[in-house]
Protein chains: 2
Amino acid sequence: MTKQTRGEDTRARILISAEQGFAQTGYDSTGVAEICKAAGVSKGAFYHHFTSKEEVFLELLDRWLTSLDRQLADVAASDGSLQEVLDGLLKIAPQILQEAGGQYAILLEFWTKARSDPKVWQSTVAYFQRYREFFVGLLANTPGGDSLALVEREAAAEVLVAMIIGLLLWGALDPKAADWSCVTRTGLELFTRGWQEKGEQR
Amino acid sequence: MTKQTRGEDTRARILISAEQGFAQTGYDSTGVAEICKAAGVSKGAFYHHFTSKEEVFLELLDRWLTSLDRQLADVAASDGSLQEVLDGLLKIAPQILQEAGGQYAILLEFWTKARSDPKVWQSTVAYFQRYREFFVGLLANTPGGDSLALVEREAAAEVLVAMIIGLLLWGALDPKAADWSCVTRTGLELFTRGWQEKGEQR
DNA sequence: GATAAAATACCGACTGGTCGGTATTTATTG
DNA sequence: CAATAAATACCGACCAGTCGGTATTTTATC
């Protein structure tokens with residue numbers, strides 16, 4: 001193995017172990033030593049690749065956001081109706097949720113740390129807003145949707161994002177409480193119906 | 001001041017300071033010393049009234065749940081239609097959300113700690129379920145609602161709870177991002193419309 | 001109602017251990 | 001032999017919780 005690939009491998013192993021640790025027991029209670037042990041790597045190697053534990057966390061956050069954006073871009077590119085796009089979302093939802101064997105519990109960690117770390121806060125809030133904007137644009141293209149005021153589209157988009165956030169949180173906390181993909185489907189369906197009904201009343 | 005009232009006062013001050021600390025910077029980064037300083041109390045007093053930092057946290061959780069239950073019971077007692085009960089909910093929402101000057105950010109702390117602490121997890125998951133049940137029952141009393149299968153009522157109730165959770169989380173994270181009471185109203189409205197529409201199609 | 005005894009409330013220095021991070025040394029690659 | 005990667009020993013800060021002791025209030029006894 002060349003020097004470079006060896007380094008990359010070590011780095012990757014650290015990231016994986018850190019993600020698992022953060023997802024399972026949280027950022028604070030996952031020690032650097034623990035991460036190193038799980039990755040089969042020494043502390044020296046850890047601090048050779050990263051300047052701090054926080055840097056690892058931020059890189060994980062960055063990767064998650066990038067991955068999410070890519071998947072959303074795919075859906076958005078379809079350029080379809082509200083129904084179609086939401087269907088597209090539903091299709092990729094399990095992929096996002098189940099990826100890495102339920103490790104998406106790290107989302108909770110992102111949201112928690114957003115309160116104490118300005119960088120994390122900014123990233124987190126920014127992508128909430130980004131999806132809000134996405135849905136606002138989407139709702140404008142809906143039959144009847146353009147008849148409604150911007151504030152109403154905005155509020156509806158916020159509701160949609162909030163619903164997704166809530167589903168993620170509850171799902172992360174209690175994966176076996178319900179069939180979450182089924183609940184998500186119902187949610188998007190109810191939302192679509194409610195929105196169209198609202199538009200038609202004008 | 002009698003001995004008893006003095007003790008109660010100290011205890012109350014500790015709880016208040018702890019709540020503020022937890023809400024502002026999180027459970028882990030709020031030290032016992034810090035809580036004591038904010039409460040104007042010594043560490044000895046702290047450990048005289050509580051056996052551990054965790055006990056304080058659990059008591060705060062318990063108080064929050066009790067308060068929430070009381071308020072929900074009031075709304076449930078009205079025994080009205082879906083629309084009426086949701087309106088009732090909406091009325092008390094700001095009271096719950098704004099209480100103690102936005103200190104409800106401690107909710108995030110409850111949800112975070114639920115992952116590492118079995119006691120907190122149980123309480124948290126249990127009240128998610130309780131509200132789910134509440135809404136399931138409520139939806140059965142809705143015109144057209146009884147025509148839908150139980151699973152559908154359950155899924156819808158889960159959607160509703162998830163939406164509320166999401167609104168609370170986003171609101172806690174970014175209070176100024178939107179007019180949350182307005183968004184909540186829209187959310188409940190969309191949900192009601194979507195649900196009734198669904199029922200009528202049968 | 002005075003005095004002793006007991007219980008409660010409180011204080012703050014100290015400790016034992018954890019954990020992020022560093023400094024130094026050793027191994028591996030080119 | 002240079003340079004990068006990795007290992008190990010170690011440091012210092014921090015923090016939950018302890019403990020011996022003091023002050024204040026309540027109860028018991030005469």
Side-chain angles (χ1 to χ4, degrees), chain A residues 1-61 106 109 112-113 116-120, chain B residues 1-61 106 109 112-113 116-120:
Chain A
M1 207 189 265
T2 73
K3 219 189 233 181
Q4 194 185 358
T5 55
R6 193 162 70 111
E8 281 167 3
D9 183 64
T10 301
R11 193 184 165 84
R13 283 215 310 281
I14 291 172
L15 282 169
I16 290 170
S17 298
E19 182 174 22
Q20 287 178 347
F22 294 161
Q24 277 161 25
T25 54
Y27 178 84
D28 285 316
S29 30
T30 304
V32 173
E34 196 180 330
I35 295 170
C36 292
K37 193 182 171 188
V41 149
S42 76
K43 226 173 176 183
F46 183 98
Y47 283 99
H48 176 73
H49 289 284
F50 301 95
T51 66
S52 67
K53 180 179 161 185
E54 193 190 14
E55 197 186 75
V56 175
F57 184 82
L58 289 174
E59 176 147 343
L60 286 173
L61 174 60
I106 200 174
E109 219 49 38
T112 303
K113 211 163 178 349
S116 53
D117 186 322
K119 286 181 200 165
V120 179
Chain B
M1 204 189 265
T2 75
K3 206 203 285 199
Q4 194 185 359
T5 56
R6 193 161 70 110
E8 281 167 4
D9 183 64
T10 301
R11 194 185 164 84
R13 283 214 312 280
I14 291 173
L15 283 169
I16 290 170
S17 299
E19 182 174 21
Q20 287 178 347
F22 294 160
Q24 277 161 24
T25 55
Y27 179 83
D28 286 316
S29 26
T30 305
V32 173
E34 197 179 327
I35 295 170
C36 293
K37 194 181 171 189
V41 147
S42 78
K43 227 171 178 183
F46 183 97
Y47 282 98
H48 175 73
H49 288 284
F50 302 95
T51 66
S52 67
K53 181 178 158 185
E54 193 190 16
E55 196 186 75
V56 175
F57 185 80
L58 289 174
E59 176 146 347
L60 286 173
L61 174 61
I106 199 174
E109 219 50 38
T112 302
K113 210 157 180 346
S116 54
D117 186 323
K119 286 181 200 166
V120 178

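Convention: sequence-line order gives letters A, B, ...; per-chain numbering from 1. Given the structure is predicted, the values throughout are model-derived calculations rather than measurements.
Of the residues in residues 33-50 of chain B, those lying under 4.0 Å from DNA chain D by heavy-atom distance are B:Lys43, B:Tyr47.
In this pair, A:Phe57 and A:Tyr27 present their aromatic rings perpendicular. The plane angle is above 60°, beyond the 30 to 60° band.
Looking at heavy-atom distances under 4.0 Å, A:Thr30 makes contact with sugar-phosphate atoms alone, never a base.
Pairs engaging residues 49-59 of chain A under the salt bridge (charged side-chain N to carboxylate O under 4.0 Å, His left out) rule: A:Arg11-A:Glu59, A:Glu59-A:Arg63 [sequence neighbours left out].
The CD-P distance, from A:Glu8 to C:dT29, rounds to 15 Å in whole Å. The CG atom of A:Asp9 sits 16 Å away from the P atom of C:dT28 (whole-angstrom rounding). Between the C1' atom of C:dG21 and the CD atom of A:Glu55 lies a distance of 13 Å, rounded to the nearest Å. Rounded to whole Å, the distance from CZ on B:Arg11 to P on C:dC10 is 11 Å. The CG-P distance, from B:Asp28 to D:dC14, rounds to 16 Å in whole Å.
Across all their heavy atoms, B:Phe46 and B:Cys36 have their closest contact at CB-SG, 3.7 Å. A:Lys119 and A:Asp117 make their closest contact through N-OD1, 2.8 Å (heavy atoms, listed as atom of the first residue, atom of the second, distance). The shortest heavy-atom contact between B:Phe22 and B:Leu60 is CD1-CD1, 3.8 Å.
Note on B:Thr10: a side-chain N or O is less than 4.0 Å away from OP1 or OP2 of C:dC10.
Remark: A:Thr10 pairs with A:Ile14, A:Val41, A:Ala45, A:His49 by the side chain to side chain contact (heavy atoms under 4.5 Å, CB included) rule, at least two apart or across chains.
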